[in-house]
Amino acid sequence: MEAHLSPVETRISAINPQYREGRAILCPDCGGNQWIVGRVVAECARCETPLPLAASQHRGWMGGRS
């Protein structure tokens with residue numbers, strides 16, 4: 001299953017690259033497409049470039065308790 005991005009999503013991801021689960025994303029440094037996904041970042045399996053997880057921005061533990 002290939003994800004198709006709208007022009008707006010493409011511009012946003014080019015400015016602020018993030019790993020999004022279920023979407024094909026290439027590493028901005030080496031062009032690799034295999035990722036090791038952790039709790040906060042996904043690392044390129046080829047060159048170890050980290051990308052923040054898009055979902056992690058909404059987790060309460062990152063910003064404190066509310």
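Atoms considered below: every heavy atom in the structure, side chains included; atoms not considered: hydrogens, waters and symmetry mates. Along the sequence shown, residues are numbered consecutively beginning with 1.
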Could you work out, with side chain to side chain contact (heavy atoms under 4.5 Å, CB included) as the rule, every residue matching Asn33, not counting sequence neighbours?
Leu26
On a heavy-atom basis, which atom in Cys44 and which in Cys47 lie closest, and how many Å separate them?
SG-N, 3.5 Å
Can you measure from CG (Leu51) to SG (Cys27) and round to the nearest 0.5 angstrom?
6.5 Å
Taking all non-hydrogen atoms of both residues into account, name the closest pair between Ala54 and Gln18 and its distance.
CB-OE1, 3.4 Å
Going by heavy atoms in the side chains, are Pro52 and Tyr19 under 4.5 Å from each other?
no
